[in-house]
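Worksheet for the structure shown next.
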Protein chains: 2
Amino acid sequence: MIDHHLAKLRARSVLSREEEEAIRSSVARIEDYPADRIVVPSHRSLDHSTLLLDGIMCRSKALLNGERQITELHVAGDFADLHSFTLKYLDHEVLTLTRCRAAIVPHEALRAITERFPGLARIYWFATNLDAAIQREWAVSLGRRPARARLAALFCELQVRLEIVGLTEGPYFDLPLTQTDLAECMGLTNVHVNRTLRDLKQEGLLAFRSGRAHVIDRDRLRSVAEFDPAYLYLGREAR
Amino acid sequence: MIDHHLAKLRARSVLSREEEEAIRSSVARIEDYPADRIVVPSHRSLDHSTLLLDGIMCRSKALLNGERQITELHVAGDFADLHSFTLKYLDHEVLTLTRCRAAIVPHEALRAITERFPGLARIYWFATNLDAAIQREWAVSLGRRPARARLAALFCELQVRLEIVGLTEGPYFDLPLTQTDLAECMGLTNVHVNRTLRDLKQEGLLAFRSGRAHVIDRDRLRSVAEFDPAYLYLGREAR
DNA sequence: CGCGGGGTTGAGCGAATTCAACGGATGTGG
DNA sequence: CCACATCCGTTGAATTCGCTCAACCCCGCG
């Protein structure tokens with residue numbers, strides 16, 4: 001059920017038997033959502049967090065002209081809004097980009113397990129800081145990388161994040177997003193994403209078609225993106 | 001000494017006498033730094049966090065060609081690297097943009113006070129989530145706002161953040177940054193920042209000269225930026 | 001007095017956008 | 001089963017916002 005989540009935590013921390021059990025028992029219920037559904041509205045008081053089990057969600061902020069910026073993608077195993085535990089309401093929306101299944105974890109349960117297990121408190125605090133690290137790397141893409149490198153960086157990141165939770169098959173992984181979704185992540189237009197993906201394919205770096213990605217040449221793709229996975233905090237990177 | 005910090009915390013939470021005392025006693029020492037000094041190197045194991053008392057620091061990530069993206073600015077009262085408490089090392093550098101004074105808080109002291117005072121744990125967890133919220137708003141600027149709105153949003157944010165800690169004088173505040181610093185925050189070139197600031201001044205919105213900002217027309221500046229301070233979590237915004 | 005950092009301005013360029021059209025796939029209702 | 005609508009992807013042409021390159025200014029400072 002929440003195995004993807006446990007895999008994600010175990011990729012960065014040691015988890016005791018009791019802690020694992022506490023996490024399992026904190027799930028109040030399971031929810032299903034269709035694609036393009038707002039899961040967590042912005043500026044609304046919240047009393048639970050949403051642990052994504054299957055599908056892809058995102059955090060997004062809208063502008064008045066209808067454009068929006070996606071600030072992070074969430075895959076199976078991620079809490080989409082763990083930060084609502086301390087923030088009480090969110091400054092952005094959380095919405096589904098595909099059909100999704102999620103576990104609902106009441107803030108009351110989070111409070112209980114983080115007080116009983118200080119180690120879990122640290123682990124979940126860490127998890128929200130990891131989200132922030134991902135957002136920083138996206139800021140680098142948005143602010144300084146040309147379109148090619150932006151998309152390259154995004155696919156490099158997703159490959160690693162999906163690999164951790166066992167959702168890649170070698171260089172292939174499912175990513176059922178539209179080109180417009182990718183554009184809203186990386187601050188581009190869908191038209192330019194289309195052309196840039198064509199270029200990346202022609203160069204033999206990356207193929208993305210009908211919701212499936214193929215990292216053809218990982219080393220060169222990473223080089224284009226200047227991708228360094230240290231920001232994903234998988235351990236052993238501190239010097 | 002750390003009054004700016006206490007003011008920042010009190011703008012979002014209630015702080016007991018004992019908690020305040022615990023915070024005060026967690027400071028190990030005070031450090032001074034010249035401008036353009038790396039305070040926290042990236043990818044290096046850390047055992048303390050840095051509470052900025054005076055001056056301006058930033059978080060920045062460098063690219064191979066020498067360009068860099070500043071992902072957040074820090075002012076008096078901010079922890080520049082509180083997230084290092086859980087992350088152990090950072091994916092970015094923290095450096096001074098001006099001369100700075102800072103309080104060094106050992107992670108050991110943070111561990112002690114957050115275990116003794118669960119409320120402080122929540123407050124500091126919140127603080128790192130607030131940093132993430134600021135980074136999200138910057139992502140919106142970087143990805144979707146044109147240069148004018150980017151700079152407008154930045155100055156709107158800084159006015160609020162400085163006001164909280166008592167560092168504004170009405171519509172005026174000191175911001176001893178260069179136009180190149182602003183460019184590195186907002187993903188622009190110093191040349192374009194220069195022209196955009198000129199435009200903002202000519203429109204009677206904002207004047208920025210020799211390290212001092214004057215928000216001439218706050219309402220119109222906020223309107224240009226589509227600035228909504230809710231993301232700064234000053235309370236009473238949840239609906 | 002020369003030097004360097006920061007600011008300012010102009011000219012030309014280029015990456016990405018806008019606008020528009022079209023194709024393929026999918027779904028739906030008559 | 002076909003007509004039609006919709007969504008997503010694709011491509012071309014024209015445009016534009018911001019960049020690059022370069023020159024010059026001002027001012028504080030050694």
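A, B, ... follow the sequence lines: proteins, then strands. Residue 1 opens every chain.
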Self-check item: Nearest-0.5 Å distance that lies between atom CZ in R37(A) and atom SG in C100(A)
Solution: 11.0 Å

Quiz item: Does R136(A) use its side chain to pair, donor to acceptor, with the backbone of E72(B) at less than 3.5 Å?
Solution: no

Self-check item: Value rounded to 0.5 Å, distance of CZ in R148(B) from CD in E203(B)
Solution: 4.0 Å

Quiz item: In whole Å, what is the span from the CG atom of L182(B) to the C1' atom of dG7(C)?
Solution: 12 Å

Self-check item: Nearest atoms (heavy-atom pairs only) where A103(B) meets V27(B)
Solution: CB-CG1, 3.7 Å

Quiz prompt | Pair Q179(B)-N190(B), side-chain donor/acceptor within less than 3.5 Å | solution = no

Quiz item: H92(A) and H43(A): side-chain donor and acceptor closer than 3.5 Å?
Solution: no

Exercise. Find the distance R198(A):CZ to dA16(C):C1' and express it as a whole number of Å.
Key: 14 Å

Quiz prompt | Qualifying residue, where the test is side-chain contact (heavy atoms from CB on, under 4.5 Å) with F155(B) and the options are L200(B), L182(B), L205(B) | solution = L182(B)

Quiz prompt | Test item: S223(B) side-chain N/O and D219(B) main-chain N/O as donor-acceptor pair under 3.5 Å | solution = no

Quiz item: Have D131(B) and T128(B) got a donor and an acceptor in their side chains that come within less than 3.5 Å?
Solution: no

Self-check item: Pairs meeting criterion salt bridge (Lys or Arg N to Asp or Glu O under 4.0 Å) with involvement of residues 182-196 of chain B, two or more places apart
Solution: R68(B)-E184(B)

Self-check item: Interatomic distance, N65(A) CG vs dT17(C) P [rounded to whole Å]
Solution: 14 Å

Exercise. Would you check if there is a donor-acceptor pair between the side chains of E157(B) and W138(B) at a distance under 3.5 Å?
Key: yes

Quiz item: Minimum heavy-atom separation for P176(A) to I56(A), with atom names?
Solution: CD-CD1, 3.9 Å

Practice problem: Would you please say whether a donor-acceptor pair under 3.5 Å links the side chains of H74(B) and R59(B)? | Solution: yes

Quiz item: Which letters describe nucleotides 23-30 of chain D, given B = protein heavy atom under 4.0 Å from base, S = only from sugar-phosphate, - = neither?
Solution: --------

Quiz item: What is the distance from CG of L151(B) to P of dC17(D), rounded to the nearest Å?
Solution: 16 Å

Quiz item: If you round to the nearest 0.5 Å, how far is CG of D54(A) from CE of M1(A)?
Solution: 11.5 Å

Practice problem: Take atom CG of D36(A) and atom P of dT6(D), then tell me their distance rounded to the nearest Å. | Solution: 16 Å

Practice problem: Can you measure from CG (L154(A)) to OG (S141(A)) and round to the nearest 0.5 angstrom? | Solution: 7.5 Å

Quiz item: Tell me: CG of L177(A) to C1' of dG9(D), nearest whole Å?
Solution: 15 Å

Quiz prompt | DNA chain D-proximal residues of residues 143-150 of chain B, any heavy atom under 4.0 Å | solution = P146(B), A147(B)

Self-check item: Within residues 186-196 of chain B, residues whose heavy atoms come under 4.0 Å of DNA chain C
Solution: V191(B), N194(B), R195(B)

Exercise. Figure out the CG/P separation between L97(B) and dG5(C), and round it to whole Å.
Key: 17 Å

Quiz item: In whole Å, what is the span from the CD atom of Q179(A) to the P atom of dG9(D)?
Solution: 4 Å

Exercise. Measure the angle between the two terminal helix axes of the helix from dC1(C)-dG30(D) to dG30(C)-dC1(D), five base pairs each, and quote it to 10°.
Key: 30°

Quiz prompt | F85(B) ring center within less than 6.0 Å of F79(B) ring center | solution = no

Practice problem: Check each residue of residues 200-214 of chain B for a non-hydrogen atom within less than 4.0 Å of any atom in DNA chain C, then write out the ones that pass by number, or none. | Solution: none

